[in-house]
Asker: 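Take a look at this one; I'll ask things after.
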Amino acid sequence: MTELIVIVIVIFILLSGIRIVTQYELGVIFRLGKYTGMRGPGIIYIIPFVERMVKVSLRIITMEIPSQRIMTKDNVSIDITAVAYYKIVTADKSVLVIENVHSAVNQISQTTVRNVIGQFSLDQLLSHTGDINTQIKNVIDKHTEAWGVKVTAVEIKDILLPDNMQRAMAKEAEAERERRAKIVAAEGEMQAATKLGEAADIITKHPVALQLRTLQTMVEISTEKTSTIIFPAQFMSTVQDAIKALSQESIKK
């Protein structure tokens with residue numbers, strides 16, 4: 001009976017050394033505390049009480065960088081929220097070189113975001129967000145390379161401005177829109193004046209054109225339901241000249 005119990009215990013101990021490593025993981029093996037290599041994925045066996053395995057995930061990890069208040073280059077206080085994407089590319093380094101790689105990446109990301117953002121003014125931050133994201137990513141990646149970590153992307157999620165700064169920017173945008181509207185109106189007046197000048201030059205060379213334009217205006221007025229028609233003074237003088245010409249012809253007859 002005792003032998004049976006011993007056999008069962010031995011079998012249980014031997015079976016306890018079986019490990020399953022999934023496709024997206026690697027196992028870092030230590031034998032009596034000494035690093036011996038990496039194994040996986042699949043079914044692997046470690047010697048019970050002699051070897052120890054630390055699993056390391058190789059998938060991309062999404063890490064939210066907590067909101068922090070940062071002073072820009074032009075002394076504007078803003079709150080920045082960002083997100084970083086990274087993955088472990090060298091499993092043994094992430095275990096041997098640093099104690100907690102995920103916490104370390106989080107801390108270095110917060111520090112880098114604060115340092116890089118502080119080098120830019122608010123206008124640069126709002127207009128060159130893509131370039132700033134790339135610069136933050138490169139700085140973090142430079143620090144984490146020795147840990148076996150590859151940073152794939154860093155994106156600024158939100159920029160929260162103080163209330164007084166939001167009101168000032170709204171007034172600035174409104175003033176800019178008014179300026180553009182005035183410029184467009186002035187350009188329209190200039191173009192209209194230019195065209196009117198060209199039309200006046202043509203009418204001066206061809207006086208009959210003014211009479212035709214006057215008649216066309218009268219036709220347009222007559223289509224409306226109105227009882228008042230205004231005749232231009234020049235048109236009336238033209239009519240009087242025509243009446244005089246007809247009177248002289250009748251006298252001659």
Side-chain angles (χ1 to χ4, degrees), residues 24-26 28 35 38 54-187:
Y24 54 83
E25 292 178 329
L26 277 180
V28 181
Y35 169 70
M38 295 181 292
V54 178
K55 288 185 179 181
V56 178
S57 176
L58 304 180
R59 292 180 295 182
I60 294 178
I61 298 173
T62 302
M63 181 191 66
E64 184 172 353
I65 302 175
S67 176
Q68 50 185 334
R69 179 155 295 185
I70 302 173
M71 189 70 68
T72 61
K73 187 177 181 180
D74 51 351
N75 297 324
V76 178
S77 178
I78 58 176
D79 290 332
I80 292 288
T81 303
V83 61
Y85 301 89
Y86 69 94
K87 64 179 180 178
I88 296 175
V89 294
T90 309
D92 53 352
K93 285 185 178 181
S94 67
V95 176
L96 299 174
V97 176
I98 193 164
E99 180 179 0
N100 189 332
V101 64
H102 302 293
S103 176
V105 172
N106 184 280
Q107 294 299 320
I108 196 64
S109 297
Q110 294 184 47
T111 304
T112 303
V113 168
R114 183 168 57 251
N115 293 339
V116 173
I117 295 298
Q119 300 175 7
F120 295 91
S121 64
L122 180 60
D123 292 338
Q124 292 174 333
L125 179 60
L126 297 176
S127 59
H128 299 88
T129 305
D131 296 336
I132 296 175
N133 289 337
T134 302
Q135 184 172 342
I136 294 173
K137 167 190 168 297
N138 293 336
V139 174
I140 298 175
D141 196 35
K142 183 178 179 181
H143 286 287
T144 60
E145 184 179 2
W147 308 338
V149 174
K150 174 66 177 178
V151 180
T152 58
V154 175
E155 297 291 337
I156 295 176
K157 291 175 56 179
D158 189 22
I159 301 175
L160 182 60
L161 302 175
D163 294 338
N164 57 347
M165 182 59 63
Q166 293 182 15
R167 290 191 294 269
M169 293 182 67
K171 290 180 181 179
E172 182 181 359
E174 184 178 359
E176 179 65 19
R177 288 194 296 269
E178 291 180 356
R179 183 184 70 85
R180 292 178 181 178
K182 291 180 180 179
I183 291 176
V184 171
E187 290 178 350

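Scope of the values below: all heavy atoms of this structure, side chains included, with no hydrogens, waters or symmetry mates. Only a predicted model underlies this, so the values are computations on that prediction, with no experimental measurement involved.
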Asker: Determine the minimum heavy-atom distance between Ile65 and Ser109, stating which atoms define it.
Answerer: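 Minimum heavy-atom separation between Ile65 and Ser109: CD1-CB, 3.7 Å.
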Asker: Would you say the side chain of Tyr35 lies within less than 4.5 Å of the side chain of Asp92, judging by non-hydrogen atoms?
Answerer: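 Yes, at least one pair of side-chain atoms sits under 4.5 Å.
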Asker: Quick one, Asp141 and Lys150 - any side-chain contact, counting heavy atoms below 4.5 Å?
Answerer: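 Heavy-atom side-chain distance check passes, below 4.5 Å.
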Asker: Please examine the side chains of Lys137 and Tyr86, heavy atoms only from C-beta on, and report whether any two atoms are closer than 4.5 Å.
Answerer: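 The answer is no; the side chains never approach within 4.5 Å.
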Asker: To the nearest 0.5 Å, what is the distance between NZ on Lys87 and CZ on Arg59?
Answerer: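 Result: 13.0 Å between the selected atoms.
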Asker: Within the 3.5 Å criterion, strictly below it, is a donor on Gln110 or Asn106 matched to an acceptor on the partner's side chain?
Answerer: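 The criterion, which ignores hydrogens and geometry beyond distance, is satisfied for Asn106 and Gln110.
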Asker: Where the side chain of Thr152 meets the backbone of Tyr85, is there a donor-acceptor pair that is under 3.5 Å apart?
Answerer: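 Present.
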Asker: State, to 0.1 Å, how close Met38 and Ala91 come at their nearest heavy-atom pair, and which atoms those are.
Answerer: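 Met38 and Ala91 have their closest heavy atoms at SD-CB, 3.7 Å.
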Asker: Restricting to side-chain hydrogen bond (donor to acceptor under 3.5 Å, both in side chains), what partner residues turn up for Gln68, sequence neighbours left out?
Answerer: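 With sequence neighbours excluded, Gln68 shows a side-chain hydrogen bond (donor to acceptor under 3.5 Å, both in side chains) to Arg114, given in chain and number order.
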Asker: If you compare all heavy atoms of Arg69 against all heavy atoms of Ser77, which two are closest, and at what distance to 0.1 Å?
Answerer: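 It is CD-OG, 3.1 Å.
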Asker: Please lay out, stage by stage, how Ile156 and Ile117 fare under the test side chain to side chain contact (heavy atoms under 4.5 Å, CB included).
Answerer: CA-CA 10 Å; Ile156 295 176; Ile117 295 298; 3.9 Å; yes
Asker: So, the side chain of Thr111 versus the backbone of Ile108: is there a donor-acceptor pair under 3.5 Å, distance only?
Answerer: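 No.
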Asker: When rounded to the nearest 0.5 angstrom, what distance separates NE2 in His128 from OG in Ser121?
Answerer: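 Separation between the atoms: 9.5 Å.
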Asker: Rounded to the nearest 0.5 Å, how far apart are CD of Gln124 and CG of Asp131?
Answerer: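 Answer for the CD-CG pair, Gln124 versus Asp131, is 10.5 Å.
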Asker: Which pair of heavy atoms, one from Gly118 and one from Ile70, lies closest together, and at what distance?
Answerer: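 Result for this residue pair: N-CG2, 4.2 Å.
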Asker: Could you grab the distance from atom NZ of Lys157 to atom CD of Glu64, nearest 0.5 Å is fine?
Answerer: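 Here the interatomic distance stands at 4.0 Å.
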Asker: Mark yes or no for whether Asn133, through its side chain, and Glu155, through its backbone, hold a donor-acceptor pair below 3.5 Å.
Answerer: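 Checked: no pair found.
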Asker: So which atom in Ser94 and which in Val101 form the shortest heavy-atom distance, rounded to 0.1 Å?
Answerer: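 Taking Ser94 first and Val101 second, the nearest heavy atoms are O-CB, 4.0 Å.
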Asker: Does any non-hydrogen side-chain atom of Leu26 lie less than 4.5 Å from one of Ile88?
Answerer: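 No, every pair of side-chain atoms sits at 4.5 Å or beyond.
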Asker: Quick one: do the Asp74 and Thr72 side chains pair a donor with an acceptor below 3.5 Å?
Answerer: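 Yes - a donor-acceptor pair under 3.5 Å links their side chains.
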Asker: To the nearest 0.5 Å, how far apart are OG1 in Thr112 and NE2 in His143?
Answerer: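 Taking OG1 in Thr112 and NE2 in His143, the distance rounds to 5.0 Å.
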Asker: Consider side-chain contact (heavy atoms from CB on, under 4.5 Å). Of Asp158, Leu160, Ile159, which one does Ile80 pass it with?
Answerer: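 The single option meeting the side-chain contact (heavy atoms from CB on, under 4.5 Å) with Ile80 is Ile159.
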Asker: Can you tell me how far CG of Asn115 sits from CD1 of Ile136, rounded to the nearest 0.5 angstrom?
Answerer: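 It comes to 10.0 Å.
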Asker: Taking all heavy atoms of Thr129 and all of Leu125, pick out the closest pair and write down the distance.
Answerer: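 Closest heavy-atom pair between Thr129 and Leu125: OG1-O, 2.8 Å.
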Asker: A quick test of your reading: do over 12 heavy atoms of other residues, nucleotides or ligands sit less than 6.0 Å from CD of Gln119?
Answerer: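 Buried by this count: over 12 neighbours within 6.0 Å.
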